[in-house]
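In what follows, chains carry the letters A, B, and so on, assigned in the order in which the sequence lines appear, proteins first and then strands, with residues in each chain numbered from 1. For the numbers below, each heavy atom of this structure counts, side chains included, while hydrogens, waters and symmetry mates do not.
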Amino acid sequence: MEKYVPQQIEKKWQKIWKETDAFAVKEDPNKKKYYVLEMFPYPSGNLHMGHVRNYSIGDVIARFKKMQGYNVLHPMGFDAFGMPAENAAIKHGIPPAEWTYSNIDNMTRQQEELGLSYDWDRKVLTCREDYYKHTQKLFEIFYKRGLAYKKEAKVNWCESCHTVLANEQVEEGRCWRCKTPVVKKDLSQWFLKITAYADRLLADLDHMPGWPERVKTMQRNWIGRSTGTQFSFKVEGMDETIPVYTTRVDTLYGVTYMVLAPEHPLVPKLIEGNPEADKIREFINTVKNENDIDRTSEAAEKLGMFTGSYALHPFTGERVPIWIANYVLYEYGTGAVMAVPAHDERDWAFAKKYDLPVKLVVQNDDNSLVLADMDNAYHTDGHLVDSGEFTGLSSAEGRKAITKKLEEMGIGEEKVNYRLRDWLISRQRYWGCPIPIINCPHCGPVLVPEEDLPVVLPKDVDFVAGATSPLETSEKFLHCKCPKCGADAVRETDTMDTFIDSSWYFLRYADPQNADKPFDREKADYWMPVDQYIGGIEHAILHLLYSRFFMKVLQDEGLVRDPEPFTNLLCQGMVLKDGGKMSKSVGNVVSPEEIVGKYGADTARLFILFTAPPEKDLAWSDQGVEGSYRFLKRVWAIVGRYMDLSKTSAPELNEDEKSLRRRLHQTIAKVTEDLDGKFNFNTAISSIMELVNAMYLYVEKHDSIHEACARELVRNLLILLAPFVPHITEELWQHLDEPEQSVHDVKWPEVDKSALTVDEVELAVQVNGKVRATMTVPVEMSREDIAEKAKALPELAKHLEGKTLVKCIVVPRRVVNLVVK
RNA sequence: GCCGGAGUGGCGGAAUGGCAGACGCAUCAGACUCAAAAUCUGACGGGGGCAACUUCGUGCGGGUUCAAGUCCCGCCUCCGGCACCA
């Protein structure tokens, strides 16, 4: 047989798969479906190794499931709206669409060169009118359900990207994309009411066993549910009350002051008449202008000022001074807190700094707390002291009883709070989905009528970087008539966050050609939910939370059946080089195209799947790639050698053939087990390597083989390898005298249990738990006989000499342990 | 601080409570070759021993068990998420 030249055979098969539409699928109610999906990429220009890893994992699963008889949906598309396209326009004058489509073409070609089994007829591009038309339609659904609203708010602004950002897109106070420190800005913006789904997003996490624990934890943290009590303080001498939220209402008798966020709307009134008012205003301004990094940094000092006003304690009527401080967040709870310095570390620090009184109202079990000796707040639960009628209750009882009393007084109630904020979706950018809203001077915001969708992105815009959306520069786009009253009106010029586009694309794959609707319910019900989703951990919150939110809203709307989009989630690890992330600035980037060109796609895929378990980080190793290439050459050669061996047709297999056949069926069992839901690609491949090694040892020893045995070995070796390395297996398959069929259409093999039977097994023989010998015994030998045989082993004599046997444990097929004294 | 995950040879990594280190990389040796590469075969955790063999060994300290990388208790370290969220 000729040499293994991957470049030739890979091109050949890729062409055939493309021409025959080999992986196109249709709904088939008689077949069990399996939907495997890799997160679609942003068309940045070129695939990187992370993509290759992502797609290789998905492709093995898709091909394996198909061979198992499932109707497999395995689609691919592009998350094609986004900033880089627009930046290219600003920098180089290339229209964003042109830049994007040329990148898509290039990356699609690179995907094809990896031999991935996609149904390309279902390719989805979020930037095309036929897609974003439906994104707009979905926005209208949200709007009609009261889940999309516009409000004036203090929002996160990135100076470099010239746009606002969602909370989820701010990492440590910086823009997630360009790392520029985020500043606060007052703007009127569109939000989606994800907070209305906070409880369901949280609760359903408990019923998602197919998701990694760490992702669920991150989402739980992000949603940040807490149960507490909200109640109001009266302001002395004013007809005003200040609501506060606390999880430690049991410490209510320890309140010695209260604190408002500087942004709190009551502040101007509270400082009226205070001679220090100007100073306070100055302080408020300083705090407001600080960015999040400074304001929340660990080193940040707690700063505050006394307003001059007092609140009244709801139970004791005591005067409680009202302060303003930088450590209270306006966005969370009520923007005001009761301060209990004895039992809260922040309040403690603040009280010490400004010399405010401290009252101990919770004691530990042995009543050993002495305020004068404390150098920290006591923030754990205990029992209440100096707390009026509640004294003596445990903290938990105290919380219940005090909340009940506040309720009876009509000034408070139990309250659940979330850290999660509504999703800010407006972006002051061009290359995104236009928000289908018309702003009418008389009617306010009005939805674009459904029949007028899509609101098409205009081409006549200026891409001069500025603080407003480029869409404002298109006169034709901007001016329109109000659909309600017909008056002159202007269009909304912000576009939607691109995370909206990716929050429903998995549904579009089920029905990608539908012109009227985002997707047909019946088709969606057939394919959804995604059985296996694969992608990077960086989307643990962003994309994966938004998609879950969308799915729930669509379920409420009756458009889908299921509450969750992704049944099983696999978060692949990163591809590292020299101990760090591959990056252009470090200069350690290995390009997939280069590797594929040098070794072929099969080698690249095999290396990535073999070198590390999928969820762990993978260290790139040039030598490791060589090793994978070497293995494929061995496969190529051994198939040839088996075909060249002279064939016998003896009535019985010889011992070596039998053991080779046993090895084959062990391998089938192992690979099937490793691929079925567990995705241990690395150990699956290593077991196939062991089979190949055994096949080599056979040809070293023999120059003939039983024909049926040779045939079974080679056939099954190729089938087992097919999901991992589709080209070389297909090529070799065609060299066998098989019918006109692709190896990828063959049924996955069954284990022949009779092939696994053995006559004899080797047992380890231990004395007091230490292995001292091994022995081979017939499988059916009784425990008693095994024990007798073990005792008589000569190697054991010196370990047994002069000792008495206490116990003998026989574990069939594994071990014998003689316990002696 | 709270939550989650992980610690095994020179390296990537294997091990339903039952012979720790499968498979691969690197290294060394042998075969083939005039030679090299490629290829095939073998060795390969540490200490001691010419050897048969022996002893220690899965982050640390205890425990359960005939038997622990695996189970339990107490720590340490690293990675990730959240964090002035009241």
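Rounded to a whole Å, the CG atom of A/N768 is 8 Å from the P atom of B/A67. Residue A/E700 contributes atom CD, which lies 9 Å from atom P of B/C40 at whole-angstrom precision. Distance OH (A/Y698) to C1' (B/U41): 19 Å, rounded to an integer number of Å. Protein atom CZ of A/F679 is 20 Å distant from nucleotide atom C1' of B/A14, rounded to whole Å. At whole-Å resolution of the value, NZ in A/K633 and P in B/A38 are 8 Å apart. Atom NZ of A/K415 and atom C1' of B/A86 are 13 Å apart (whole Å). When rounded to the nearest whole Å, the span between CD of A/E168 and P of B/G81 equals 15 Å. Rounded to an integer number of Å, the gap from CD1 of A/I537 to P of B/G80 is 12 Å.
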With a cut-off of 3.5 Å and sequence neighbours excluded, list every side-chain donor-acceptor pair involving residues 613-621 of chain A.
{"from": "A/D617", "atom 1": "OD1", "to": "A/M574", "atom 2": "N", "distance (Å)": "2.8"}
{"from": "A/W620", "atom 1": "NE1", "to": "A/D622", "atom 2": "OD1", "distance (Å)": "3.0"}
{"from": "A/S621", "atom 1": "OG", "to": "A/Q623", "atom 2": "N", "distance (Å)": "3.4"}
{"from": "A/S621", "atom 1": "OG", "to": "A/G624", "atom 2": "N", "distance (Å)": "2.7"}

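Base contact: A/R419 has a heavy atom under 4.0 Å from a base atom. A/H379 comes within 4.0 angstrom of nothing in the nucleic acid, heavy atoms only. When heavy atoms are screened at a 4.0 angstrom cut-off, A/V819 is found touching the sugar-phosphate backbone but no base atom. Nucleic acid contact class of A/Y418 (heavy atoms, under 4.0 Å, all strands): none. A/R225 comes within 4.0 angstrom of nothing in the nucleic acid, heavy atoms only. The residue A/D617 sits close only to the backbone: its heavy atoms come under 4.0 Å of sugar-phosphate atoms, none of a base. Counting non-hydrogen atoms under 4.0 angstrom, A/K798 reaches the backbone sugars and phosphates but no base. Contact annotation for A/P212: no contact, since no heavy-atom pair falls under 4.0 Å across all strands.
Using a 4.0 Å cut-off between charged nitrogen and carboxylate oxygen, A/D375 and A/K352 do not count as a salt-bridge pair. A salt bridge does not link A/E331 to A/K154: none of the charged nitrogens lies less than 4.0 Å from a carboxylate oxygen.
Nucleotide B/C34 is matched to nothing when pairs are restricted to Watson-Crick or G-U wobble geometry with both distances under 3.5 angstrom. Across the strands present, B/G74 finds its partner in B/C60; the criterion is a Watson-Crick or G-U wobble pair with both atom distances under 3.5 angstrom. With a 3.5 Å ceiling on both atom-pair distances, the Watson-Crick or G-U wobble partner of B/G4 is B/C79. Nucleotide B/G10: paired with B/C25 (Watson-Crick or G-U wobble, both distances less than 3.5 Å). Partner assigned to B/C50 is none, using Watson-Crick or G-U wobble distances below 3.5 angstrom.
Taking side-chain N and O atoms only, A/Y327 has no distance below 4.0 Å to OP1 or OP2 of B/A86. Contact annotation: A/R220 does not reach the phosphate of B/C3 (side-chain N/O to OP1 or OP2, under 4.0 Å). For A/R772 and B/U55, the shortest distance from a side-chain N or O to OP1 or OP2 is below 4.0 Å. The phosphate of B/G4 (OP1 or OP2) has no side-chain N or O of A/K216 nearer than 4.0 angstrom. Using a 4.0 Å cut-off, some side-chain N or O of A/K770 falls inside it from OP1 or OP2 of B/C56. The phosphate of B/C84 has neither OP1 nor OP2 within less than 4.0 Å of any side-chain N or O from A/K302.
As rounded to the nearest Å, B/C11 and B/A83 have C1' atoms that lie 37 Å from one another. Rounded to whole Å, the separation between the P atoms of B/A51 and B/G46 comes to 15 Å. Across the C1' atoms, B/A52 and B/A35 are found 41 Å apart, a figure rounded to whole Å. As rounded to the nearest Å, B/A86 and B/C79 have C1' atoms that lie 30 Å from one another. Nucleotides B/G42 and B/C25, compared at atom P, are 14 Å apart to the nearest Å. Only the P atoms considered, B/G45 is 9 Å distant from B/G21, to the nearest whole Å. Between B/G61 and B/G13, the distance separating the two C1' atoms is 28 Å to the nearest Å. Nucleotides B/A14 and B/U65 have their P atoms positioned 32 Å apart, rounded to a whole Å.
Residues A/F231 and A/F233 place their aromatic rings such that the two centres sit under 6.0 Å apart.
Side chain of A/Q219 to backbone of A/A540: a donor-acceptor contact under 3.5 angstrom is found.
No hydrogens or angles considered: nothing links the side chains of A/Y698 and A/S659 as a donor-acceptor pair under 3.5 Å.
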Write down the protein N/O and nucleotide N/O pairs, taken from nucleotides 19-30 of chain B, whose separation is under 3.5 Å; answer none if there are no such pairs.
{"from": "B/C19", "atom 1": "N4", "to": "A/E762", "atom 2": "OE1", "distance (Å)": "2.8"}
{"from": "B/A22", "atom 1": "O2'", "to": "A/E690", "atom 2": "OE1", "distance (Å)": "3.2"}
{"from": "B/G24", "atom 1": "OP1", "to": "A/N693", "atom 2": "ND2", "distance (Å)": "3.1"}
{"from": "B/C25", "atom 1": "OP1", "to": "A/R630", "atom 2": "NH1", "distance (Å)": "2.6"}

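In this structure, A/K353 places its NZ atom where more than 12 heavy-atom neighbours from other residues, nucleotides or ligands lie under 6.0 Å away.
Comparing B/U41, B/C66, B/A14 by their nearest atom to the side chain of A/P613 picks out B/A14. Candidate nucleotides B/C66, B/G12, B/U54 were compared by shortest atom distance to the side chain of A/I809, and B/C66 ranks first. Here the side chain of A/A612 is nearest to one of B/C3, B/G13, B/U54, namely B/G13.
Counting distance only, with no hydrogens placed and no angle test, the side-chain atoms of A/N817 and the base atoms of B/C66 include a donor-acceptor pair under 3.5 Å.
Scanning for side-chain contact (heavy atoms from CB on, under 4.5 Å) contacts around A/M689 gives A/F610, A/F631, A/I685, with sequence neighbours left out. For A/A669, the side-chain contact (heavy atoms from CB on, under 4.5 Å) test picks out A/V751, with sequence neighbours left out. Taking the salt bridge (charged side-chain N to carboxylate O under 4.0 Å, His left out) definition, one finds that A/K670 meets it with A/D674, sequence neighbours left out.
In textbook terms, a nucleotide whose glycosidic angle is within 90° of 0 is syn, while B/G21, being further out, is anti.
The side-chain hydrogen bond (donor to acceptor under 3.5 Å, both in side chains) analysis of residues 800-820 of chain A, with sequence neighbours excluded, yields no pairs.
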